[in-house]
Engineer: 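Pasting a structure here, questions to come.
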Amino acid sequence: MTVNPLPPEEDLSKIEISEPATSAAGLGGVVASFRHAYAEMGVRRSLRTLTSLNQKDGYDCQSCAWPDPDGERHVAEFCENGAKATAWEATTRRATPELFARQSVAELSELSDHALGELGRLTTPMILRRGASHYEAIAWDDAFALVAAELNALASPNEAIFYTSGRTSNEAAFLYQLFVRQFGTNNLPDCSNMCHESSGTGLMETIGVGKGTVTLEDFDGAQAIFIAGQNPGTNHPRMLSTLQRAKRNGATIVGINPLAEPGLRRFKQPQEVLGLLGRGTQIADFLLRVRVGGDVALFQGIAKALLERDARGEHVLDCEFIAEHTDGFDAFARALTRQPWQRIVAASGVPQEDILRAADVFARSDRTITCWGMGLTQHVNAVANIQEIVNLHLLRGQIGKPCAGLCPVRGHSNVQGDRTVGIWERPRPEFLDSLGAAFDFEPPRQHGLDTVAAIRAMHAGTAKVFFALGGNFLQATPDTEYVARALRRCRLTVHVSIKPNRAHLVTGEQALILPCLGRSERDLQDGQLQFVTTENSMAIVQASRGVLEPASPELLSEPRIVARLARATLGARSTVPWEELAGDYDAIRDAIERVIPIFERYNERVRVPGGFHLPNPARERRFLTATGMARFTVHALPEAALEPGQLILTTVRAHDQFNTTVYAPNDRYRGVRHGRRVVFMHPDDMRERGLGAEAAVDITSHYGGEERHARRFRVVPYDVPRGCAAAYFPEANVLVPHDHVAAGSNTPASKAIVVTITPCAERST
Ligand SMILES: Nc1nc2c(c(=O)[nH]1)N[C@H]1C(S)=C(S)[C@@H](COP(=O)(O)OP(=O)(O)OC[C@H]3O[C@@H](n4cnc5c(=O)[nH]c(N)nc54)[C@H](O)[C@@H]3O)O[C@H]1N2
Ligand SMILES: Nc1nc2c(c(=O)[nH]1)N[C@H]1C(S)=C(S)[C@@H](COP(=O)(O)OP(=O)(O)OC[C@H]3O[C@@H](n4cnc5c(=O)[nH]c(N)nc54)[C@H](O)[C@@H]3O)O[C@H]1N2
Ligand SMILES: [Mo]
């Protein structure tokens with residue numbers, strides 16, 4: 001039978017809706033951390049793990065990529081969601097072969113995403129044989145032999161896809177891309193393709209480097225901080241401490257978001273007694289309630305206001321910086337002069353006086369930082385969103401000086417590092433030259449497939465083996481039913497994972513689950529305790545050492561899995577000493593240093609507590625673009641293409657999830673409990689459609705004449721702009737067309753889905 005790729009329906013009548021929170025963290029956060037940790041791992045284990053989290057001799061939190069402070073660290077240098085991520089990994093529950101023998105793949109697919117995760121840690125490699133209904137255990141050697149045989153039977157190495165999720169360490173990622181390139185392909189899609197790819201593309205073209213230009217310390221002296229399309233209270237809670245400090249030092253903070261997220265409003269510092277109980281610190285001085293997809297217009301409005309003030313003689317532009325370091329200013333200024341204010345206001349949904357107020361903050365600040373997240377990167381015009389921020393910063397020279405600059409806030413804890421060490425389907429020629437020279441082979445030069453292209457290739461039958469180092473490809477990608485068909489067409493699908501997820505249930509003809517060590521666990525190789533390294537959102541490379549006994553003696557580390565797979569697949573074709581490298585991570589780091597010069601003295605520097613910074617030329621006002629200048633760019637306003645009755649739906653994360661991992665079916669901050677199939681709507685938009693509070697609805701997306709359906713959601717009246725709606729990722733991914741992507745970065749536009757919302761045939765009570 002064919003397994004349903006979608007999460008099962010929910011009992012909508014159980015969903016409880018209350019007022020959204022008005023502040024983030026505080027006592028509620030601490031209680032939630034410990035309650036969750038104790039339930040999963042008991043008291044002793046909770047203390048052992050939580051006190052090692054983000055300490056200089058401990059391990060890097062698996063949750064987000066927000067950096068750790070350089071100086072003294074608090075004993076509790078973690079947040080509620082870091083604690084949940086740790087507890088989720090360090091749980092004492094086990095998904096054993098007996099469990100898989102009892103429950104068929106079809107039966108497992110009827111569990112919710114939360115329940116699938118609750119099955120516990122995988123203990124043994126598992127195989128789903130051709131035509132079988134149940135997974136069964138398989139020996140590691142046999143598993144590697146099977147993958148190797150399937151890979152070597154392909155007509156071309158380009159028929160294999162090698163996906164990476166951003167939790168993978170630098171060491172594992174480097175070995176993996178080396179194996180994939182020796183095998184003969186650049187088909188290395190990763191989660192970044194769905195995440196900050198638009199930031200990388202937008203920044204590379206304009207400032208010559210695809211990463212952010214600020215450090216954590218820069219926040220302490222910033223005069224203004226803009227936070228656009230990001231929900232730090234849920235997704236980067238430790239950022240709130242940084243913002244609180246900046247605020248106490250006098251910074252003005254402006255949020256740009258269709259939703260009034262509690263984390264942007266008030267923060268009660270859980271590490272301070274007063275923070276637990278008091279009113280907390282107000283974070284954003286004000287919020288610009290942009291309509292979904294209205295950011296290009298909004299940033300243009302701010303820039304237009306600056307240009308107008310300068311024209312009135314107020315000297316708000318940094319003319320010296322513009323002359324010395326940029327090109328394209330004249331064309332940019334001309335385009336904005338011609339852009340009428342009415343269009344800017346209509347397209348952004350923000351009144352002109354609010355835009356002028358934001359421009360005033362920008363004009364008065366000599367040290368401005370702009371942070372952004374998925375609210376900007378997952379749009380058709382996402383690259384333009386990022387480049388409009390660059391334009392603003394260039395106007396006032398707010399880059400490459402202390403306490404000012406650009407800050408894409410990365411998601412997965414090592415997504416930035418994976419790219420630095422070579423996980424990229426479009427590698428630079430110099431990188432390949434260096435890799436080839438270090439390992440004496442000729443790497444493939446043809447660009448590989450990114451995530452969306454990989455989905456299409458599998459769907460078309462031109463890619464036949466899918467291998468994932470972490471992640472949940474089925475549910476993280478757009479267009480779930482299309483992706484399910486794509487995966488089912490493969491000869492073999494393989495997931496290196498730590499817990500069961502839905503991607504293990506929608507498979508190729510054969511499927512393998514290869515269980516690996518988690519980051520919190522001790523990694524012993526060839527009798528030596530190893531550590532791995534990760535790079536955070538601000539380009540600091542740090543060591544991470546697990547402290548717990550592995551969940552099962554049969555688990556292998558990710559570098560070991562890659563090495564054994566490489567040896568099984570490449571045999572005498574490769575001269576790389578795979579097993580030696582997997583037995584000594586220092587040797588992997590030495591190899592990284594040989595290939596990527598910015599890692600000079602890697603092993604020495606990463607042993608200094610706190611790690612080291614990778615260089616960023618834009619920080620020093622060296623712009624490695626074709627012209628050697630930072631570039632102003634001109635972007636058209638997107639045409640609003642909504643037909644009567646249509647809304648624009650954005651997809652967001654709930655407070656109790658990490659991407660496709662659901663810790664609990666709740667979102668305390670938005671006032672939702674006991675369910676996730678909800679859609680947030682403006683009360684007037686509900687009234688117009690005759691939808692009462694608690695109505696059960698179906699959501700239909702419309703794209704290129706096609707319709708996609710997500711059925712049985714409960715509507716929640718919410719403070720969203722008129723014409724906009726929000727639902728949770730991954731439940732809404734079935735609505736996202738796979739070919740609805742950002743221009744330039746090919747990132748699925750999962751923050752801007754054109755939908756209609758209609759009552760379900762049958763109503764919940
Ligand atoms: N606890 C927890 N931590 C996480 C994650 C998690 O799932 N859970 N995920 C990790 C990952 S991989 C990532 S990439 C980050 C994601 O962190 P965020 O970027 O904060 O992720 P989202 O929840 O997608 O939220 C995006 C924000 O953008 C807003 N938004 C939506 N549409 C628009 C728009 O058109 N314009 C503007 N200006 N805003 C908009 C939403 O209201 C929301 O507040 O977090 C990382 N950290
Ligand atoms: N509609 C919509 N879709 C989105 C987004 C959105 O905002 N809206 N956000 C996008 C973004 S920003 C991202 S980053 C992607 C995320 O895409 P992915 O990175 O593919 O998804 P995750 O849910 O983070 O992956 C979770 C799985 O990783 C495995 N895992 C956890 N820890 C480890 C480990 O240490 N090693 C290994 N090997 N496996 C491990 C677990 O088995 C878990 O089930 O989703 C994207 N999809
Ligand atoms: Mo992400």
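Order of appearance sets the numbers: ligands from 1, and atoms from 1 within every ligand. The basis for the numbers below is simple: all heavy atoms, side chains too, and nothing from hydrogens, waters or symmetry mates.
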Engineer: Which of the numbered atoms in ligand 1 are below 4.0 angstrom from a heavy atom of N81?
Structural biologist: 1 (N)
Engineer: Can you sort out which atoms of ligand 2 are near N501, meaning under 4.0 Å from one of its heavy atoms?
Structural biologist: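 Those of ligand 2 that fall under 4.0 Å from N501 are 27 (C), 42 (O), 43 (C), 44 (O).
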Engineer: Check this for me - ligand 2, N472, N or O atoms closer than 3.5 angstrom, yes or no?
Structural biologist: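 For ligand 2, there is an N or O atom that lies under 3.5 Å from one belonging to N472.
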Engineer: So if I count the atoms of ligand 1 from 1 in the order they appear, which ones are less than 4.0 Å from some heavy atom of C64?
Structural biologist: 47 (N)
Engineer: What atoms of ligand 2 come within less than 4.0 Å of a heavy atom belonging to K499?
Structural biologist: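 By the 4.0 Å cutoff, the relevant atoms are 42 (O).
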Engineer: Under 4.5 Å between any side-chain heavy atoms of F473 and T451, yes or no?
Structural biologist: yes
Engineer: Taking only heavy atoms of G470 into account, list the atoms of ligand 2 that are under 4.0 Å away from them.
Structural biologist: 37 (C), 38 (N), 39 (N)
Engineer: Are F466 and H495 close enough, and set up right, to give a ring-ring contact (aromatic ring centres under 6.0 Å, His included), and what steps lead you there?
Structural biologist: CA-CA 8 Å; F466 173 80; H495 288 89; 5.7 Å; yes
Engineer: So is G293 polar-close to ligand 1, meaning N/O to N/O under 3.5 Å?
Structural biologist: yes
Engineer: Before signing off on this row, confirm whether Q378 and ligand 2 have an N or O atom pair separated by under 3.5 Å.
Structural biologist: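 Yes, there is a polar N/O contact under 3.5 Å.
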Engineer: Kindly indicate whether the side chain of K211, heavy atoms from C-beta on, has any atom under 4.5 Å from the side chain of E535.
Structural biologist: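 They are in side-chain contact.
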Engineer: Would E558 and R167 pass as an ion pair if we require N to O under 4.0 Å?
Structural biologist: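 No salt bridge links E558 with R167.
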Engineer: Between D60 and T534, does any side-chain donor sit less than 3.5 Å from a side-chain acceptor?
Structural biologist: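 Side chains of D60 and T534: pair found under 3.5 Å.
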Engineer: Y728 and F680: ring-ring contact (aromatic ring centres under 6.0 Å, His included), yes or no, with the steps?
Structural biologist: CA-CA 9 Å; Y728 293 130; F680 300 97; 5.7 Å; yes
Engineer: Suppose I only count heavy atoms of T234 and a 4.0 Å limit; which atoms of ligand 1 are within that range?
Structural biologist: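 Reading through ligand 1 atom by atom, the close ones are 1 (N), 2 (C), 3 (N).
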Engineer: In the protein, what heavy atom is nearest to atom 40 (C) of ligand 1, and what distance, to one decimal place, separates them?
Structural biologist: P258 CD, 3.3 Å
Engineer: Taking the side chain as every heavy atom from C-beta outward, state whether L116 and L505 have any pair of such atoms under 4.5 Å apart.
Structural biologist: yes
Engineer: Out of the candidates R502, K499, R676, only one should pair with D113 under the salt bridge (Lys or Arg N to Asp or Glu O under 4.0 Å) rule; please name it.
Structural biologist: R502
Engineer: Quick test of your reading of the structure: of I513, L122, N733, T477, whose heavy atom lies closest to atom 1 (N) of ligand 2?
Structural biologist: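 Answer by nearest heavy atom: N733.
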Engineer: Report yes if H379 has an N/O atom closer than 3.5 Å to an N/O atom of ligand 1; otherwise report no.
Structural biologist: yes
Engineer: Could you say whether the N/O atoms of K751 and ligand 2 ever approach to under 3.5 Å?
Structural biologist: yes
Engineer: Show, in sequence, the C-alpha distance, side-chain angles and deciding distance for Y163 and F467, and conclude whether the ring-ring contact (aromatic ring centres under 6.0 Å, His included) test is met.
Structural biologist: CA-CA 6 Å; Y163 177 71; F467 187 99; over 10 Å; no
Engineer: Can you check which of I227, T650, T377, V290 brings a heavy atom nearest to atom 32 (N) of ligand 1?
Structural biologist: T650
Engineer: Validate the cation-pi geometry between R519 and Y59: distance from NZ or CZ to the six-membered ring centre under 6.0 Å, angle to the ring axis within 45°.
Structural biologist: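 Cation-pi check for R519 and Y59: fails.
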Engineer: Applying ring-ring contact (aromatic ring centres under 6.0 Å, His included) to H412 and F658, what does each step give before you reach the verdict?
Structural biologist: CA-CA 9 Å; H412 265 299; F658 188 92; 5.2 Å; yes
Engineer: My understanding is that we take every heavy atom of each candidate and find the minimum distance to atom 31 (C) of ligand 2. Doing that for R167, E731, M194, which one comes out nearest?
Structural biologist: R167
Engineer: Can an N or O of V496 be found at a distance shorter than 3.5 Å from an N or O of ligand 2?
Structural biologist: yes
Engineer: Quick one: which ligand 1 atoms are inside 4.0 Å of a heavy atom on C195?
Structural biologist: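 Numbered from 1, ligand 1 contributes 14 (S).
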Engineer: Side chains of E388 and H635: is there a donor and an acceptor less than 3.5 Å apart?
Structural biologist: no
Engineer: Does ligand 2 come near enough to G471 that some N or O of the ligand is less than 3.5 Å from an N or O of the residue?
Structural biologist: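 N/O-N/O distance below 3.5 Å exists for this pair.
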Engineer: Quick one about Y585 and D523 (side-chain donor to acceptor, distance below 3.5 Å, no hydrogens or angles considered), yes or no?
Structural biologist: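 Short answer, yes.
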Engineer: Please list the nearest protein heavy atom to atom 16 (C) of ligand 2 with its residue and the distance rounded to 0.1 Å.
Structural biologist: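 The closest heavy atom on the protein side is N659 ND2, 3.5 Å.
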Engineer: Just to confirm my output: which protein heavy-atom neighbour is closest to atom 37 (C) of ligand 2, and how far is it?
Structural biologist: E558 OE2, 3.0 Å
Engineer: Do any N/O atoms on T661 end up under 3.5 angstrom from N/O atoms on ligand 2?
Structural biologist: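 So ligand 2 has no N or O lying under 3.5 Å from an N or O of T661.
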Engineer: Should L376 be counted as touching ligand 1, given the test is an N or O pair under 3.5 Å?
Structural biologist: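 Looking only at distances, the answer is no, because the N/O contact criterion of under 3.5 Å is not met.
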Engineer: Output the list of atoms in ligand 1 that are nearer than 4.0 Å to some heavy atom of G373, sorted by atom number.
Structural biologist: 19 (O)
Engineer: Taking only heavy atoms of L259, which atoms of ligand 1 are found under 4.0 Å from at least one of them?
Structural biologist: 42 (O)
Engineer: Assign the ring pair Y135 / F100 to parallel, tilted or perpendicular, where the plane angle (0 to 90°) is split at 30° and 60°.
Structural biologist: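 Rings of Y135 and F100: perpendicular, over 60°.
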Engineer: For ligand 2, which atoms, with element, lie under 4.0 Å from some heavy atom of R653?
Structural biologist: 6 (C), 7 (O), 9 (N), 10 (C), 11 (C), 12 (S)
Engineer: How far apart are the C-alpha atoms of R668 and D656, what are their side-chain angles, what is the distance that settles it, and do they pass the salt bridge (Lys or Arg N to Asp or Glu O under 4.0 Å) test?
Structural biologist: CA-CA 8 Å; R668 188 170 85 237; D656 275 331; 5.8 Å; no
Engineer: Is there at least one pair of N or O atoms, one from M374 and one from ligand 1, spaced under 3.5 Å apart?
Structural biologist: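 Between M374 and ligand 1, an N or O pair is found under 3.5 Å apart.
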Engineer: Nearest 0.5 angstrom please: T201 OG1 to N746 CG, how far?
Structural biologist: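 That separation rounds to 9.5 Å.
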Engineer: Under a 4.0 angstrom heavy-atom cut-off, which atoms of ligand 2 come close to T660?
Structural biologist: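 Here the atoms of ligand 2 in question are 22 (P), 23 (O), 26 (C).
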Engineer: Check each of N235, V662, D295 against atom 36 (N) of ligand 1 and report the one with the nearest heavy atom.
Structural biologist: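 Nearest option to atom 36 (N) of ligand 1, by heavy atoms: D295.
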Engineer: Taking only heavy atoms of S165 into account, list the atoms of ligand 2 that are under 4.0 Å away from them.
Structural biologist: 18 (P), 19 (O)
Engineer: Under 3.5 Å, N or O to N or O, is A476 touching ligand 2 that way?
Structural biologist: yes
Engineer: Residue-level breakdown please: for H236 versus ligand 1, do any non-hydrogen atoms fall below 4.0 Å on the side chain, on the backbone, on both, or on neither?
Structural biologist: side chain
Engineer: In ligand 2, which numbered atoms sit nearer than 4.0 Å to a non-hydrogen atom of H412?
Structural biologist: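 Near H412, the atoms of ligand 2 are 14 (S), 19 (O), 24 (O).
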Engineer: Do S199 and W372 pair up side chain to side chain, a donor and an acceptor below 3.5 Å, judged on atom types alone?
Structural biologist: yes
Engineer: Any side-chain heavy atom of Q62 sitting closer than 4.5 Å to one from T86?
Structural biologist: yes
Engineer: Could a heavy atom of H655 be found less than 4.0 Å from some atom of ligand 1?
Structural biologist: no
Engineer: For a quick check under 3.5 Å, do N193 and D450 share a side-chain donor-acceptor pair by atom type?
Structural biologist: no
Engineer: Name the option, out of Q62, E261, Q230, that contains the heavy atom nearest to atom 43 (C) of ligand 1.
Structural biologist: E261
Engineer: Just which atoms of ligand 2 are under 4.0 Å from any heavy atom in C516?
Structural biologist: 36 (N), 37 (C), 38 (N)
Engineer: Looking only at distances, can you tell me whether any N or O atom of R519, backbone or side chain, sits closer than 3.5 Å to an N or O atom of ligand 2?
Structural biologist: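 R519 vs ligand 2: no N/O contact under 3.5 Å.
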Engineer: Salt bridge between R238 and E80, side-chain N to carboxylate O under 4.0 Å?
Structural biologist: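 Judged by the 4.0 Å cut-off on N to carboxylate O distance, R238 and E80 do not form a salt bridge.
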Engineer: Do the ring planes of F162 and Y176 sit parallel (below 30°), tilted (30 to 60°) or perpendicular (above 60°)?
Structural biologist: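 F162 vs Y176 ring planes: perpendicular.
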Engineer: At less than 4.0 angstrom from any non-hydrogen atom of Q657, what atoms of ligand 1 do you find?
Structural biologist: 1 (N), 2 (C), 6 (C), 7 (O), 8 (N)
